[in-house]
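Everything numeric here is computed off the predicted structure, so don't read it as measured data. Lettering follows sequence order; numbering is per chain, from 1. Keep in mind that the numbers below use all heavy atoms, side chains included, and drop hydrogens, waters and symmetry copies.
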Amino acid sequence: MLNYFKEIFVGIKSLLIGMKVTAFYGTKKTITAHYPFEKIPITPNFRGHIDLVVTKKGYHKCISCGMCERACPSGCITIEAVKPEGAKKKKLTGYTLDFTKCSLCGNCVETCPTSAIKYSNDYYLVGTSRHDFHFDLLARAMKAAEEMGIEWTEPVEKPKEPTEPQAEGGESPAPAGA
Amino acid sequence: MDITFSSDLSAYVAIADVTFIAFIAMTLAGGLVAILAKQLIHAVLGLIISLIGVAGLYAFLGNYFIASMQILIYVGAVSISMVFAVMLARPPEEVKQKSMRLATKIALGVIVGLFTAATVGSAVFAHRWSAAAKVTSGDTPVEIGIGLLTRNVLAFELISLVLLIAIIGSVVIAKRGRGTGKTVGGEEL
Amino acid sequence: MIQPTFFGNIEVYLLVALILLSFGLYGLISRPGLISMLISVELILNGAGLNFMAFNTFTAPDKTEGATFTLFVMGLAAAEAAITLSIAVAIYRRFRLITADNLSGMKD
Amino acid sequence: MQIQSPNILLIVVAAVVMVLYVFTNSAVLVWVERKVSAHIQRRPGPFEVGPFGLLQTAIDGLKLMAKQLIIPAKADKRIFMLAPVLSFVPPIAALLTVPFGKVVQVQNLDIGILFILSLAALNVLAILIAGWSSANKYSLFGAVRSVAQNIAYEIPLLLSLLTAVLWMGTLNLGELVDAQGGFWFVFTPFGFIAFVIYFVTGMAETNRAPFDLPEAESELTAGFHTEYSGMGFGLFFLGEYTNMILVSAIATSLFLGGYNLPFITLNGEGILWELIRVLIFLAKAYFLIFVMIWMRWTFPRVRFDQLLNLCWKVLIPFSLVNLAAAAIWIKAVGG
Amino acid sequence: MIQKPDPTQETLVLNMGPQHPSTHGVLRVVLHCDGEYVLDAEPVIGYGHRMHELIGEVRDHRGFYANVGRMDYGGALSFGHGHILAVERMLPDLEVPERAEYLRVITTELNRVASHLLWFGAFLLDLGAFTPILYSFDDREAILDLLEHVTGARLTFSYMRVGGVAADVDKDWCDGVIAFVKRMRERVPMYHKLVTGNIIFRKRVEDVGHITRDMALKYGCTGPVIRGSGIPYDVRRSEPYSIYPELDFEIPTSERCDCMGRYNVRWEEIEQSLRIIEQAITKLPEGPVMADKVPKVIKAKGEVYQAVEAARGSLGYYIACDGTTSPYRMKIRVPSYSNLSILKELTRGILLSDLVAVMGSFDLVIPEIDR
């Protein structure tokens with residue numbers, strides 16, 4: 001009998017304590033960010049999709065070795081490169097990333113021998129079709145260079161080699177990109 | 001007893017008449033649904049409509065207390081337990097009866113119903129009902145309550161006894177009908 | 001002074017009560033199910049209650065008697081409904097059917 | 001028998017006003033509920049549409065009206081459509097007898113409290129046939145729960161109201177309020193216990209958390225209104241909020257002195273006094289609703305058998321003893 | 001497999017799921033109900049099956065690593081930890097720097113706290129309380145902020161690497177972790193006030209879902225489920241790995257054996273994880289976070305079984321290699337699978353509401369079962 005009343009008393013008390021907690025937080029400031037108006041600052045370490053690094057000279061560092069392509073478990077990287085007649089190195093003509101398949105493991109970035117790719121900070125990615133996420137990274141790099149105010153210049157090969165026509169190399173990838 | 005109104009209330013009386021007819025229509029239509037519906041749940045809903053109509057008639061008779069009790073007890077308790085039983089028992093479609101027997105039954109029902117209606121009706125309408133000589137008390141809940149606990153106290157106690165027995169009995173019946181010693185998880189359900 | 005066409009007449013109430021009674025009788029005889037029969041009984045009881053109230057209002061010298069009896073009828077109806085429904089549920093549990101005709105085997 | 005005042009026109013006008021009030025009330029209450037719950041959960045709640053998001057509910061209502069009404073193929077269509085209306089109309093009719101002020105009361109019935117209770121009994125019927133006609137097992141479970149719950153909580157609810165009726169000696173809501181005056185019934189020990197019991201059972205009556213068993217989202221998805229879309233669901237929603245205001249209005253009139261301040265009886269004449277009284281009444285009623293919302297967003301849901309246990313083993317004994325004690329007190333001391 | 005309903009019995013077959021608010025994913029439970037009583041509950045799994053084990057046999061070890069976090073979205077780091085430890089055991093020459101191992105433990109324990117907070121919110125949501133999940137997510141967000149800062153992601157971290165971890169931390173981050181531990185310890189009493197003491201909550205979870213010791217052992221339950229039945233089995237102590245032997249922490253158990261026991265154990269575990277984090281962060285040695293000589297291509301031979309203690313229990317990777325770059329056979333033993341299989345026996349004759357509570361107390365993550 002005593003237990004019966006004790007339980008009622010303890011129960012009511014516990015309910016009141018719970019209500020006190022919610023009342024306490026009810027009077028405090030809200031902690032949410034109102035998304036379209038406010039944005040939470042994103043950590044610089046954020047791992048977005050990959051991007052080609054734009055050097056100070058205004059070019060990428062990719063040597064078209066294909067390590068990233070092989071390291072990628074999902075096969076989302078496609079590299080197109082040509083070896084111009086007489087040139088020593090391959091020249092990158094297309095670097096496409098199929099972000100719909102990417103699992104953000106980071107293997108490509110870590111295997112790259114020249115650190116030519118990095119994670120982008122592209123947090124607010126939206127698109128209306130899956131084709132919006134087929135990125136042409138070369139075009140993106142050119143655009144990034146433009147935004148940074150650096151002229152996209154292909155480095156001149158060693159002078160003894162006969163040079164290929166310059167203008168074509170830079171513009172070969174499709175202008176429409178991300 | 002005659003109910004009269006001052007003549008400037010004619011519109012009010014007309015509206016009241018229309019409402020009254022509406023209540024009668026509810027009562028009768030609900031009753032028809034209750035006895036004719038194929039699905040049992042429709043029959044119960046018809047009964048509920050009929051009961052609400054009767055409650056309206058009680059209100060027209062000037063006794064709001066009984067009207068309220070009608071809704072509270074009949075609609076709130078009896079009908080709901082009926083719907084509940086229908087849901088629990090999930091009775092089969094009633095048309096599965098042999099059509100031959102059903103037809104006889106319907107004919108029998110019509111005959112008995114009409115016969116009763118005719119005999120009782122003739123008796124009712126042959127008599128000219130007149131008001132009682134004098135009114136000794138009102139019809140407020142207070143009066144009814146005093147009546148229940150003084151003049152009708154025996155009936156009142158009997159009714160409460162009957163209700164108690166009904167509750168206990170229904171619990172016992174419904175519990176015993178439940179399965180044949182079916183156990184789940186070591187305890188009998 | 002005017003008189004209402006309908007609701008001031010005891011005959012209207014009595015007629016409605018009578019129709020309810022005959023509806024109930026018809027249902028009680030023609031319907032096979034236990035719950036349908038219960039519904040019909042409720043209709044009959046309502047007819048009775050309406051009669052009580054009509055007489056109470058129009059002709060009774062004591063205005064509480066009819067109301068008291070109607071209350072009693074309601075109480076009885078509730079008790080009866082409780083019992084009938086529990087029987088119906090119990091029978092359904094055992095025999096899987098609740099038609100009154102087929103209950104002759106309920107002797108064990 | 002002579003009928004005196006033909007106030008049928010008044011009733012019609014008042015009914016229209018009441019329907020409008022019910023709609024605005026629901027809109028405001030939905031907004032309040034969302035705001036309160038949001039702030040308890042440390043988020044802002046609706047704030048985009050209109051000032052402080054006040055028009056959010058209006059927009060939501062518009063959306064509900066524009067939505068397609070889906071009736072399940074196996075549903076009993078007529079009953080399916082009837083149920084939301086049945087859950088929505090009776091509380092409005094019951095509100096007609098609530099004394100918001102001395103004059104602002106559409107119809108003062110001698111048996112006002114009984115009338116309200118009889119209409120409130122239809123609520124469970126609406127839930128029952130909604131759940132049954134949906135042809136959905138979850139809905140059926142919700143409906144069955146609703147009935148069993150109803151049987152359990154109606155008894156302590158009636159007993160606690162009976163205590164108040166016994167104390168004041170009338171069923172008339174206006175007289176109940178006047179009988180209390182400034183000394184609210186809740187100030188007496190009997191009144192306090194009855195009030196607590198009434199409040200708990202009232203929350204069960206409105207099917208709100210922690211007693212939202214018929215709709216129990218995490219168990220029965222949405223219980224009895226799983227299959228309702230568009231305005232069918234909207235009407236259930238309106239019915240729920242109307243029931244809330246009804247329950248708290250009864251609590252206000254029977255236990256919290258209606259439109260009277262504590263220890264001060266407001267008897268002034270005139271429009272201004274009446275306005276003050278209505279405001280006091282509404283303030284009390286909405287405070288109770290606020291507490292209901294606050295509780296909803298704090299507590300977990302009780303289990304089904306626990307609610308029955310609570311009602312049968314705690315609330316009914318307490319309310320019975322309370323009623324008996326109040327009766328003895330009245331007989332011994334004289335009220 | 002699934003019992004056919006017997007028409008002569010009064011049972012109602014209720015399909016709870018695959019879409020149901022309290023199955024936490026695409027789990028279907030076929031319930032045979034007598035009224036509200038559950039006579040039989042048969043979990044049907046496989047709606048979200050993605051063949052993770054087969055993917056592990058097709059991809060190389062590094063390539064598969066990104067997938068393991070996807071199995072358990074709540075505690076992705078423990079899954080990664082187990083996989084990396086298993087792969088590293090097949091490379092005997094590999095010397096993993098101590099700092100990397102400490103970082104793995106710190107992040108994993110942080111992730112465990114986050115996972116338990118997620119469970120706490122979801123469990124209370126199952127019981128019908130809406131507010132606690134937002135409070136617990138407030139704390140969980142703080143953890144995710146910390147983890148995002150070091151791993152770069154908020155849910156599927158992919159932080160660890162064969163031979164170390166992907167990124168180093170700085171002093172600020174360590175201070176942030178210590179600040180978080182302090183903050184979390186201040187918040188815990190609030191949770192207990194709001195939920196643990198609440199009479200409704202207690203009535204809902206006490207003496208519900210009683211798992212005896214024998215039952216727990218028979219079904220191979222692990223994690224808080226077995227510890228809630230009073231058996232102090234924790235892989236971190238019984239099969240020590242990583243740096244756990246150097247750390248001082250206890251294995252919380254509860255003799256209650258019911259949902260309340262499992263609830264209490266999880267809260268105790270949060271405390272113990274905070275202790276581990278605190279110790280590890282003070283002991284955190286200087287040095288590199290990646291081993292010097294990590295083979296570019298991992299070609300291992302032999303088989304290995306590595307178990308770790310994930311947030312939901314013992315998680316094991318069995319990897320058999322035949323000398324090629326990808327495993328010959330990969331088998332993952334996930335905790336939720338064993339914990340779920342007890343459901344059928346446990347829920348016989350309990351109420352529908354209790355079933356929801358019991359399933360909530362298991363902390364099921366369905367992608368882990370349907371891996």
Side-chain angles (χ1 to χ4, degrees), chain B residues 1 3-5 7 10 13 17 20 24 27-28 31 34-35 40 43 47 54 57-58 60-63 66 73 77-78 81 85 88-89 91 94 97 105-106 108-109 112-113 116-117 120-121 124 129 131-132 134-139 143-144 147-148 152 159 162-163 166 169-170 173-174 177, chain C residues 1-8 10-11 13-14 16 18-23 25-27 29-33 35-36 39-40 42-43 46 50 53-54 57-64 67-68 70-72 74-79 81-83 85-90 92-94 97-98:
Chain B
M1 179 185 70
I3 301 175
T4 49
F5 298 89
S7 45
S10 58
V13 172
D17 261 344
F20 181 68
I24 289 180
T27 310
L28 298 185
I35 56 169
L40 203 44
L47 176 68
V54 172
L57 295 184
Y58 287 163
F60 265 95
L61 284 169
N63 205 323
I66 295 295
I73 294 177
V78 175
S81 50
L88 278 185
E94 294 197 342
Q97 283 275 319
K105 281 187 133 185
I106 288 176
L108 199 63
V112 171
T116 320
V120 181
V124 163
W129 302 98
K134 82 182 219 292
V135 173
T136 52
S137 59
D139 53 359
E143 303 281 346
I144 294 173
L148 277 181
N152 304 322
I159 280 284
V162 165
L163 272 175
S170 55
I173 291 170
Chain C
M1 285 301 200
I2 56 164
Q3 270 202 319
T5 327
F6 292 109
F7 67 87
I10 184 171
E11 280 84 4
Y13 296 96
L14 295 184
V16 173
L18 178 62
I19 296 175
L20 279 183
L21 169 70
S22 43
F23 276 3
L25 279 175
Y26 167 77
I29 291 170
S30 70
R31 304 279 296 212
I35 296 180
S36 329
I39 290 171
S40 307
E42 298 295 348
L43 282 180
N46 259 279
L50 193 56
M53 287 305 295
T57 307
F58 287 99
T59 62
D62 185 346
K63 290 285 176 238
T64 64
T68 313
T70 314
L71 276 183
F72 284 161
M74 284 177 195
L76 277 179
I83 287 284
L85 292 175
S86 59
I87 289 176
V89 170
Y92 172 73
R93 282 215 174 98
R94 179 149 305 178
L97 79 173
I98 47 170

For the residue pair B:L28 and C:F23, what are the closest heavy atoms and their distance?
O-CE2, 3.4 Å
Could you walk me through whether C:I39 and B:I35 pass the side-chain contact (heavy atoms from CB on, under 4.5 Å) test, one step at a time?
CA-CA 8 Å; C:I39 290 171; B:I35 56 169; 5.8 Å; no
Should B:I159 and C:L71 be marked as a side-chain contact (heavy atoms from CB on, under 4.5 Å) after you check the CA-CA gap, both sets of side-chain angles, and the distance that decides it?
CA-CA 10 Å; B:I159 280 284; C:L71 276 183; over 6 Å; no
Can you say whether C:L21 sits under 4.5 Å from chain B via the side chain, the backbone, both, or neither, judging by heavy atoms?
side chain
Out of C:L25, C:N46, C:L20, C:V16, return the one with the most heavy atom pairs under 4.5 angstrom to chain B.
C:N46
Tell me, side chain or backbone of B:I73 under 4.5 Å from chain C's heavy atoms, or both, or neither?
side chain
Close side-chain approach of C:M74 and B:I66, heavy atoms under 4.5 Å
yes
Minimum-distance pair of heavy atoms, taken over all atoms of C:L43 and B:A34
CD1-CB, 4.2 Å
Could you tell me the separation between the CD1 atom of C:I35 and the CG atom of B:L47, rounded to the nearest 0.5 Å?
12.0 Å
Interchain contact, C:A79 with chain B, by part (heavy-atom threshold 4.5 Å):
both
Restricting to non-hydrogen atoms, name the atom on B:Y58 and the atom on C:T70 that form the minimum distance, rounded to 0.1 Å.
OH-CG2, 3.6 Å
